[in-house]
Amino acid sequence: MQLALADRLVDLSAPLVMGIVNVTPDSFSDGGQHATTARAIDHALQLVAEGAAMVDIGGESTRPGAQAVSEAEELARVVPVIAGIRARSDVIISVDTSKPAVMAAAVAAGAQLINDVWALRQPGALAVAAASGVAVCLMHMQGEPRTMQQAPEYADVVAEVATFLQQRVEACETAGIGRNRIVLDPGFGFGKNLSHNFRLLARLNELAGELPLLAGMSRKSMIGAVTGRDLQGRLAGSVAAAVLAAVQGARIIRVHDVAATVDALAVTMAMLKEKQA
Ligand code: PT1
């Protein structure tokens, strides 16, 4: 399985690790925008050294209850970080955004994947993504980040996620984004309760068809709920979730803890290789 970026094909026959880089002002230091930018670039390069094939750069939190960030603020956060990483590394750069103007500026600065939790449903996003020539990740979300965890409800969560993603693939194709440029994501924690999340994980193989799947469960509340751990204590649970996703066919695993996940996936793939042989 391959994914077409604007400038090359990426081999996804084995799952790749996407390292998470949050570009949000540090509440503990007061160094301003320059310090925030420098810290995020250093963090991204650290994740590359740990084995991340991709880094996902985000300037607006989409976790449950998060506040929106203005377009100007998001641009000021992510564009210098993407340009700084691009100047120092040829790692695949993903931009985690839903705003068309941020997508366009991020691609101009060197991003090769648009990771949109709204699956390009914001006005203008499909057109900008199509014109950019980069790859896109389409994620399922029920509701919107501020309120999505209030009462998530499905008759059949797997079927509804699959249908939504198929519809977004069709919208992309109509807009001129070829299937070879599309990654799909069930959106763990985005308008889903604990049972919905683990049902999606258990049946991830049913969503894994011709298009590559991305799974993002790192440190999320679904891990906290079953381990009883706070954010800092979720490494082992997150690594287990990454392994389970890879066994079910996920091709991109989005994580905070890159080094541990890379090792766990090496062990996973060594086993899967013999299963197929
Ligand atoms: C994700 C993802 C993302 N998650 C993609 N992009 C976040 N493609 C940001 C919780 O339950 O899964 N896929 N971008 C982070 N969002 C959340 C959601 C963080 C839920 C935490 C939770 O704790």
Test item: [X] and [Y] side chains (from C-beta on) under 4.5 Å apart, heavy atoms:
X    : Y    : result
K192 : L200 : yes
M141 : D185 : no
V117 : S98  : yes
V169 : L184 : yes
Q112 : R8   : yes
S132 : M103 : no
T268 : V247 : yes
V183 : L213 : no

Practice task
Step through the shown structure and confirm whether more than 12 heavy atoms of other residues, nucleotides or ligands are within 6.0 Å of CZ on R86.
Solution key: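 Above 12, so yes.
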Exercise for the section: Report, as yes or no, whether the 6.0 Å neighbourhood of atom CZ on R229 holds more than 12 heavy atoms from other residues, nucleotides or ligands. Expected result: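 No.
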Report yes or no: do [X] and [Y] belong to one cluster of Ile/Leu/Val/Met/Phe/Trp/Tyr joined by side chain heavy-atom distances under 4.5 Å?
X    : Y    : value
L207 : M18  : no
V48  : L265 : yes
V161 : M139 : no
L194 : L204 : yes
L45  : V21  : yes

Okay, side chain of [X], backbone of [Y]: is any donor-acceptor separation there less than 3.5 Å?
X    : Y    : value
S70  : E73  : yes
R168 : A119 : yes
Q142 : E153 : yes
K220 : G216 : yes

[X] [atom1] to [Y] [atom2] distance, which is reported to the nearest 0.5 Å:
X    : Y    : atom1 : atom2 : value
C137 : R254 : SG    : CZ    : 9.5 Å
L214 : L12  : CG    : CG    : 10.0 Å
L138 : Q167 : CG    : CD    : 12.0 Å
L272 : M269 : CG    : CE    : 5.0 Å
R181 : L113 : CZ    : CG    : 11.0 Å
H196 : Y154 : NE2   : OH    : 6.5 Å

Problem - Aromatic ring proximity F190/H140, centre distance under 6.0 Å - result: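 Between F190 and H140, the centre distance exceeds or equals 6.0 Å.
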Do [X] and [Y] have a side chain donor and acceptor closer than 3.5 Å?
X    : Y   : value
T97  : E74 : yes
Q33  : T37 : yes
N115 : S94 : no

Exercise for the section: For the pair R234 and D257, find out whether any cationic side-chain nitrogen is under 4.0 Å from an anionic carboxylate oxygen. Expected result: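 The answer is no: the pair does not qualify as a salt bridge.
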Practice task
Using a strict cut-off of less than 4.0 Å between a Lys/Arg side-chain nitrogen and an Asp/Glu carboxylate oxygen, indicate whether D11 and R251 qualify as a salt bridge.
Solution key: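 Salt bridge: no.
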Handout entry: Heavy-atom closest contact (V69 atom, G59 atom, distance)
Key =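 Result for this residue pair: CG2-O, 4.0 Å.
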Problem - Working for side-chain hydrogen bond (donor to acceptor under 3.5 Å, both in side chains), residues E50 and Q46 - result: CA-CA 6 Å; E50 291 180 20; Q46 171 65 32; 2.9 Å; yes
Handout entry: CA sep, side-chain torsions, deciding dist, call: E60, R77, salt bridge (Lys or Arg N to Asp or Glu O under 4.0 Å)
Key = CA-CA 9 Å; E60 176 179 52; R77 289 180 183 180; over 6 Å; no
